[in-house]
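Single-structure report; data block below.
Every value quoted in this text rests on a predicted model; they were computed, and no experiment measured them.
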Amino acid sequence: MTPDAVTALLPVLGYAIVSIFTPGPNNITSSSLGMRVGYGRTLRFIAGVVTGFFVVMTLAGLLTEALVAAVQRAEVFLRVLGVAYLLWLAWMVIRPHQSEATFGAGTRFVDGFLLQFVNVKVILFGITMYAALLTPWVQSPRTVFLSALGLSLLSFCSTSLWALLGAAIQRFI
């Protein structure tokens with residue numbers, strides 16, 4: 001890689017680290033599960049997060065061009081869908097919660113995997129990453145796959161860190 005290419009990739013890496021390591025559904029849930037059930041039992045959930053994250057990043061990379069062209073035609077629909085989703089999220093936060101049936105509820109692989117497909121932060125991150133930042137470097141399915149793999153590794157580091165922090169906090173509570 002040339003020095004110019006490395007310099008051009010620094011903003012990409014900075015954006016990726018800040019976006020992936022800041023609080024969001026993946027990190028907060030990992031921290032909460034780490035606090036409740038420990039890091040070891042949270043690993044299934046983290047594996048689901050990382051796998052789902054990889055799938056979303058791959059899809060974002062492969063479909064970004066089609067989305068950019070379609071967004072202009074679908075803007076009204078996307079705005080309505082976004083408002084509906086935000087209202088649903090607000091309802092999920094304020095509704096009365098039922099008690100959990102088991103102590104380790106939510107630690108399954110599938111819970112982490114499916115979370116990625118409703119996680120607006122991950123979806124917007126993928127679209128931004130591939131549409132605005134990685135376009136010069138990602139021009140084939142192979143490079144999309146490799147970049148999604150690298151971003152997924154960062155996701156694993158982030159969710160693991162948050163789960164370990166949750167497990168550490170649990171010892172003091």
Handout entry: L154-L164 co-clustered via ILVMFWY side chain contacts under 4.5 Å
Key = no

Problem - Nearest-0.5 Å distance that lies between atom CZ in R44 and atom CG in D111 - result: 9.5 Å

Practice task
Can you label the angle between the F54 ring and the F145 ring as parallel, tilted or perpendicular, going by 30° and 60°?
Solution key: perpendicular

Practice task
With rounding to the nearest 0.5 Å, note down the distance linking CG in L165 to OG in S160.
Solution key: 10.5 Å

Practice task
Would you kindly say whether T22 and K121 are connected by a side-chain donor-acceptor distance under 3.5 Å?
Solution key: yes

Practice task
Check for a donor-acceptor pair, side chain of S147 on one end and backbone N or O of T143 on the other, with a separation under 3.5 Å.
Solution key: yes

Problem - Side chain proximity check, M57 to V122, heavy atoms < 4.5 angstrom - result: yes

Practice task
Decide whether V55 and L114 are clustered together by the hydrophobic rule: side chain heavy atoms of Ile, Leu, Val, Met, Phe, Trp, Tyr closer than 4.5 Å, transitively.
Solution key: yes

Exercise for the section: Carefully, step by step, assess Y130 and L62 under the rule side-chain contact (heavy atoms from CB on, under 4.5 Å). Expected result: CA-CA 9 Å; Y130 287 101; L62 294 174; over 6 Å; no

Exercise for the section: Give a yes or no on this: more than 12 heavy atoms of other residues, nucleotides or ligands lie within 6.0 Å of atom CZ of F156. Expected result: no

Practice task
Mind checking the CG-OG spacing from L161 to S30? Nearest 0.5 Å is all I need.
Solution key: 10.0 Å

Exercise for the section: With the side chain counted from C-beta on, respond yes when L33 and T29 share a heavy-atom pair under 4.5 Å apart, and no when they do not. Expected result: yes

Completion exercise
Shortest non-hydrogen pair, A167 vs G38, comes out as CB-CA, 4.4 Å

Practice task
Answer with yes or no after comparing the ring centroid distance for F45 and F113 against a 6.0 Å cut-off, counting only values under it.
Solution key: no

Problem - Rounded distance (nearest 0.5 Å) linking atom CG of L13 with atom CG of L133 - result: 11.0 Å

Fill in the blank from the handout: Of all heavy-atom pairs linking P23 and I28, the shortest is CB-CD1, 3.8 Å

Practice task
Compare all side-chain heavy atoms of Y39 with those of I46 and state whether any distance is below 4.5 angstrom.
Solution key: yes

Handout entry: Transitive ILVMFWY side-chain link L149 to V50, under 4.5 Å
Key = no

Practice task
Would you check if F21 and C157 make a side-chain contact, meaning some heavy-atom pair closer than 4.5 Å?
Solution key: yes

Completion exercise
Taken to the nearest 0.5 Å, the spacing of N119 CG from I123 CD1 works out to 7.0 Å

Problem - Non-hydrogen side-chain atoms of V12 and L9 separated by less than 4.5 Å - result: yes

Handout entry: Residue pair S158 / N27, side-chain donor-acceptor N/O under 3.5 Å
Key = yes

Practice task
Flag yes if L43 and W162 sit in one hydrophobic cluster, no otherwise; membership is Ile, Leu, Val, Met, Phe, Trp, Tyr, and two members link when side-chain heavy atoms are under 4.5 Å apart.
Solution key: no

Exercise for the section: State plainly whether one hydrophobic cluster holds both I20 and F117, where clusters connect Ile, Leu, Val, Met, Phe, Trp and Tyr through side-chain heavy atoms under 4.5 angstrom apart. Expected result: yes

Problem - Student check: side-chain heavy atoms of Q116 and N26 closer than 4.5 Å - result: yes

Handout entry: Pairwise distance CZ(F53) to CG(L115) - rounded to 0.5 angstrom
Key = 11.5 Å

Exercise for the section: Heavy atoms only: give me the nearest Q170-M35 pair and the separation to one decimal. Expected result: CG-O, 2.6 Å

